[in-house]
> 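Pasting in a structure now, in structure tokens, and then I'll have a few things to ask.
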Amino acid sequence: MSYLHKKSLFLWSIQETPSSLNLLKLTTSFMSTDYGTTYEKLNDKVGLKTILSYLYVCPTNKRKIMLLTDPEIESSLLISSDEGATYQKYRLNFYIQSLLFHPKQEDWILAYSQDQKLYSSAEFGRRWQLIQEGVVPNRFYWSVMGSNKEPDLVHLEARTVDGHSQYLTCRMQNCTEANRNKPFPGYIDPDSLIVQDDYVFVQLTSGGRPHYYVSYRRNAFAQMKLPKYALPKDMHVISTDENQVFAAVQEWNQNDTYNLYISDTRGVYFTLALENVQSSRGPEGNIMIDLYEVAGIKGMFLANKKIDNQVKTFITYNKGRDWRLLQAPDTDLRGDPVHCLLPYCSLHLHLKVSENPYTSGIIASRDTAPSIIVASGNIGSELSDSDISMFVSSDAGNTWRQIFEEEHSVLYLDQGGVLVAMKHTSLPIRHLWLSFDEGRSWSKYSFTSIPLFVDGVLGEPGEETLIMTVFGHFSHRSEWQLVKVDYKSIFDRRCAEEDYRPWQLHSQGEACIMGAKRIYKKRKSERKCMQGKYAGAMESEPCVCTEADFDCDYGYERHSNGQCLPAFWFNPSSLSKDCSLGQSYLNSTGYRKVVSNNCTDGVREQYTAKPQKCPGKAPRGLRIVTADGKLTAEQGHNVTLMVQLEEGDVQRTLIQVDFGDGIAVSYVNLSSMEDGIKHVYHNVGIFRVTVQVDNSLGSDSAVLYLHVTCPLEHVHLSLPFVTTKNKEVNATAVLWPSQVGTLTYVWWYGNNTEPLITLEGSISFRFTSEGMNTITVQVSAGNAILQDTKTIAVYGECLCACTPCRPQAQGRQCNCWQPEAARPLPREQRVVVEKELSRVWSPPLRVMWFTCTVMATRPGEHLSVCVLKVALLHSLT
């Protein structure tokens, strides 16, 4: 299947296509079911005017196909159950962004909409049911068989109304609020949920540092343990194969490199496998780690490590326990000797894999050809982007040969029995190269009489036949051309038993790889016969366990003498916090067998951890935190508190929690608090939450200062409208509601360029000059900031203040000092005043009474000031 730029789709085999393909609003599509010999127009079956945007093929039944129409025209599905022979159209009331098929049930599908809603269908898209709103993109998963009991269970990360993320699970056809589960208590960091094989991963940032949690086989979450000196700022799960987690961790002091860590079976305890592995960013900004897992050989990886600003390629055969540089070829392409001495000179490879299914990557290997690796790279002291050549290894990376001096795309046909190479170039070509002896010799073949600008190659599905299709164009303005290349005529028979020879996997002569000797069938290089089905390994024999089959356990490091000894930060006598008196724990010898290693006997018993009775232990390392890692809670809402204990007898421990508001609770063991302690505060303030843990051997305590707030709705700045120079003015911020918790007040007044910041809601100040002045107060309550602004008139020194009963009083002498007594405002005037006030004030006000005072500011001038008593209407009810 391929996407061609002239807005046409040529689909020549449904059976091994990717599960989805972006058609980019194709107007014309073609399909072939005979490996590209003939084509039929897909539009004749779905409608000539139908614009397609995406094609999906059911991964468990390749005969079932689903086409999505362009949502800008219509939102519909076209469904086929007969490999595209016929289609039925179904209209949708939502716009599909992506689909996720169930790994076992062919009719079960999850659909993610453009408005972040998740839908499910049990009828291959014919009917849909809403599961959840606010789902995070690409953070939804089907259940994993063996880890989940219910095959229809859905794992997802959803956002709450206030923007937090949480991990939810529910059944696909019964995902109501009552039936949703929260396997991880509290909130998680956005876009952090990963469900992969037997593992579930989440991230939670607390105190500015990310913390990573894992659930193995859907058991309770445990915090992932890196060496204590590690300060991670980013983590990527690379692999969860064979009951082990391979993770890339970026430390606080790294920018373009990551450290590789490998875990125990539960994914909890991690040990360092390789430091400073090179990383880069992909086309969409995604992180790409220069680590390549060789197909077909368990435990074999290639990695590009940065050493003193030089990038070098290393190889491991035992999942990162031992690494070594690659030995360069003895001779170059012309047969001249290559002078390259380890460790100063070696072979370095580019480890990026193509994201385009129709172009080969710069490194390739196949499960069906476990000894053959093809890659581009260079010989020297470091990896370079210049002088790139192509290299091949036919003995699983032990030795290498140069095959081309320029980059080529290499395809595996006939289970690796045939290698096809095509030059990477922007110029048109008409030749390709074939090798029938694992890249030792190459023959040149013409695949077109006219040079072709090649845009991609379709390898045959399953690598069992010898058909490939090259697509491109003769010129930049010409139509697309497809060239079918069938090499079956080269062979006149299928391979028989006598055409194969045994080949033993090894690492520099060492035959025991991952605790076993493995012998494979290889076609003899002089025999030209078609292999067909993959022969696989001839036999596998376990090896006797040696020290080489064991890695250092968590907390131990390998020293120069090869022994695993405790690291400086690790106390071997420390026990798991889950270990209780009367139970047993595994007492480490400092070693742990490499996961998936098949060795037996030998030093196995000596190096294996021994069961030991748990001694009693006093509580130590007690912490109390909120589930979301914050130090704030909202009045009247549940806050979840988590009690964490590094070590101690958790089953025989008394825990007392005092919430600081007069309420306290007690628990008899920590296991009853795994989901957290929920509490509701009915008042605002700062509360001192204390927890005390006691057992027969000791005690420990911890304190949390929790700020309980409620939302601030309104701020009103209260101060006089008029004042005189050098007279003290009082300004007060009136809040609604009046009690909201800890606040910060920011005051701006006069010509000040810097604000006055206080924790009190009132201030006093003076003006030294006349004029109009603006006063602004900003009140910060948590993440919310509200403000109010008022204007005050400042006049010269007041000479006298008289009531309106003697308005003729002027000059410096005045006999009347008492202001007029308070009196009710007439209804007609009150309505007018309230109407004017409503333009600048919300909620509505009611005027109750008023007083007026005449101020003689200077001879011959009067200022009448009315003071109105107003009240909030809803505060009177």
> Do K233 side-chain atoms and Q254 backbone N/O form a donor-acceptor pair below 3.5 Å?
yes
> Going by the angle between their ring planes, with limits at 30° and 60°, are F140 and Y112 parallel, tilted or perpendicular?
parallel
> Ignoring hydrogens and geometry, is there a side-chain-to-backbone donor-acceptor pair from Y141 to L193 under 3.5 Å?
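It does hold such a pair.
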> Of the non-hydrogen atoms in P720 and V729, which two are nearest, and what is the gap between them?
CD-CG1, 4.0 Å
> Please report whether the ring centroid of H707 lies less than 6.0 Å from that of Y705.
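No, too far apart.
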> Kindly indicate, with the supporting measurements, whether the criterion side-chain contact (heavy atoms from CB on, under 4.5 Å) is fulfilled by I677 and Y667.
CA-CA 10 Å; I677 307 169; Y667 297 87; 3.5 Å; yes
> Of all heavy-atom pairs between K678 and T640, which one has the smallest distance, and what is that distance?
CG-OG1, 3.6 Å
> Should we count CG of N730 as having more than 12 external heavy atoms under 6.0 Å?
yes
> If every non-hydrogen atom of Y213 is compared with every non-hydrogen atom of F184, which pair is closest and at what distance?
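Distance-wise, the nearest heavy atoms are CG-CE1, 3.8 Å.
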> Write down the atom of L712, the atom of P737, and the distance for their closest heavy-atom approach.
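Answer, listing the atom of L712 first, then P737: CD1-O, 4.4 Å.
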> Could you work out, with salt bridge (charged side-chain N to carboxylate O under 4.0 Å, His left out) as the rule, every residue matching D191, not counting sequence neighbours?
R139
> Parallel, tilted or perpendicular, judged at 30° and 60°: which one describes the rings of W747 and Y745?
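Rings of W747 and Y745: parallel, as their planes differ by under 30°.
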> Would you find a donor on one side and an acceptor on the other, under 3.5 Å apart, between the side chain of Y681 and the backbone of V639?
no
> For atom CD of Q114, is the number of surrounding heavy atoms from other residues, nucleotides or ligands below 6.0 Å larger than 12?
yes
> Indicate yes or no: at least one non-hydrogen side-chain atom of L156 is less than 4.5 angstrom from one of I131.
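Sidechains of I131 and L156: in contact.
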> Once rounded to the nearest 0.5 Å, what's the spacing between atom CG of N253 and atom CG of L231?
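It is 8.5 Å, given to the nearest 0.5 Å.
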> Can you check whether P183's main-chain N or O pairs, donor with acceptor, with N181's side chain at less than 3.5 Å?
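Checked: no pair found.
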> Please verify the inter-ring angle class for Y749 with F767; under 30° counts as parallel, over 60° as perpendicular, anything in between as tilted.
perpendicular
> Less than 4.5 Å apart, side chain to side chain, heavy atoms only: is that true for H716 and W736?
no
> Please examine the side chains of T709 and T742, heavy atoms only from C-beta on, and report whether any two atoms are closer than 4.5 Å.
no
> Drop me the distance from D658's CG to Q692's CD, to the nearest 0.5 angstrom.
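Here the rounded value is 11.0 Å.
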> Please evaluate residues Y212 and F270 with respect to the criterion side-chain contact (heavy atoms from CB on, under 4.5 Å), reporting the C-alpha separation (whole Å), side-chain torsions for both, the decisive distance (0.1 Å), and the verdict.
CA-CA 12 Å; Y212 305 96; F270 285 77; over 6 Å; no
> Keeping to residues at least two apart or across chains, list the side-chain hydrogen bond (donor to acceptor under 3.5 Å, both in side chains) pairs with something in residues 629-638.
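The answer is H164-K630.
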> For D189 and Q203, test the side chains for any donor-to-acceptor distance below 3.5 angstrom and give the result as yes or no.
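Yes, because at least one side-chain N or O of D189 sits under 3.5 Å from a partner of the opposite role on Q203.
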> Is Q116 reaching over with its side chain to a backbone N or O of E133, donor-acceptor style, under 3.5 angstrom?
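Judged by distance alone, no pair lies under 3.5 Å.
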> Determine whether V691 and I655 satisfy the following criterion, side-chain contact (heavy atoms from CB on, under 4.5 Å), listing intermediate values before the conclusion.
CA-CA 7 Å; V691 58; I655 303 101; 3.7 Å; yes
> Distance check, rounded to the nearest 0.5 Å: T690 atom OG1 versus I624 atom CD1?
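It is 8.0 Å, given to the nearest 0.5 Å.
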> Between atom CZ of R766 and atom OG1 of T724, what is the distance when rounded to the nearest 0.5 Å?
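Here the interatomic distance stands at 9.5 Å.
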> Measuring from L719:CG to I792:CD1, what's the distance to the nearest 0.5 Å?
5.0 Å
> Can you tell if the side chain of T744 reaches within under 4.5 Å of the side chain of V779, non-hydrogen atoms only?
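Answer no - side chains too far apart.
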> Are a donor atom and an acceptor atom from the side chains of S165 and E157 found within less than 3.5 Å of each other?
yes
> Any sub-3.5 Å donor-acceptor pair from N179's side-chain atoms to C170's backbone N or O?
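Answer holds: no.
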> Could you please spell out the steps behind the side-chain contact (heavy atoms from CB on, under 4.5 Å) verdict for T626 and L704?
CA-CA 9 Å; T626 59; L704 171 68; 4.2 Å; yes
> List the atom of S113, the atom of F94, and the distance in Å for their closest heavy-atom pair.
CB-CD1, 3.9 Å
> Kindly say whether M288 contributes a backbone atom to a donor-acceptor pair with the side chain of S279 at under 3.5 angstrom?
no
> Is the backbone N or O of Q250 less than 3.5 Å from a side-chain atom of D234, with the two atoms forming a donor-acceptor pair by type?
no
> Any side-chain heavy-atom pair from H679 and V657 closer than 4.5 angstrom?
no
> Is there side-chain contact between D694 and Q656, with at least one heavy-atom pair below 4.5 Å?
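Result yes, sub-4.5 Å side-chain heavy-atom pair found.
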> Just verifying a value: how many Å separate I194 CD1 and M235 CE, rounded to the nearest 0.5 Å?
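Here the rounded value is 9.5 Å.
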> What are the two closest heavy atoms between V689 and L641, and how far apart are they?
CG1-CD1, 4.0 Å
> Is the shortest heavy-atom distance from the side chain of P232 to the side chain of L226 under 4.5 Å?
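Yes. Closest side-chain heavy atoms under 4.5 Å.
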> Taking the side chain as every heavy atom from C-beta outward, state whether D115 and Y95 have any pair of such atoms under 4.5 Å apart.
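No; the side chains remain at least 4.5 Å from each other.
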> Salt bridge (charged side-chain N to carboxylate O under 4.0 Å, His left out) with E728: which residues, sequence neighbours excluded?
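None.
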> Taking atom NZ of K228 as the centre, does the number of heavy atoms from other residues, nucleotides or ligands within less than 6.0 Å exceed 12?
no
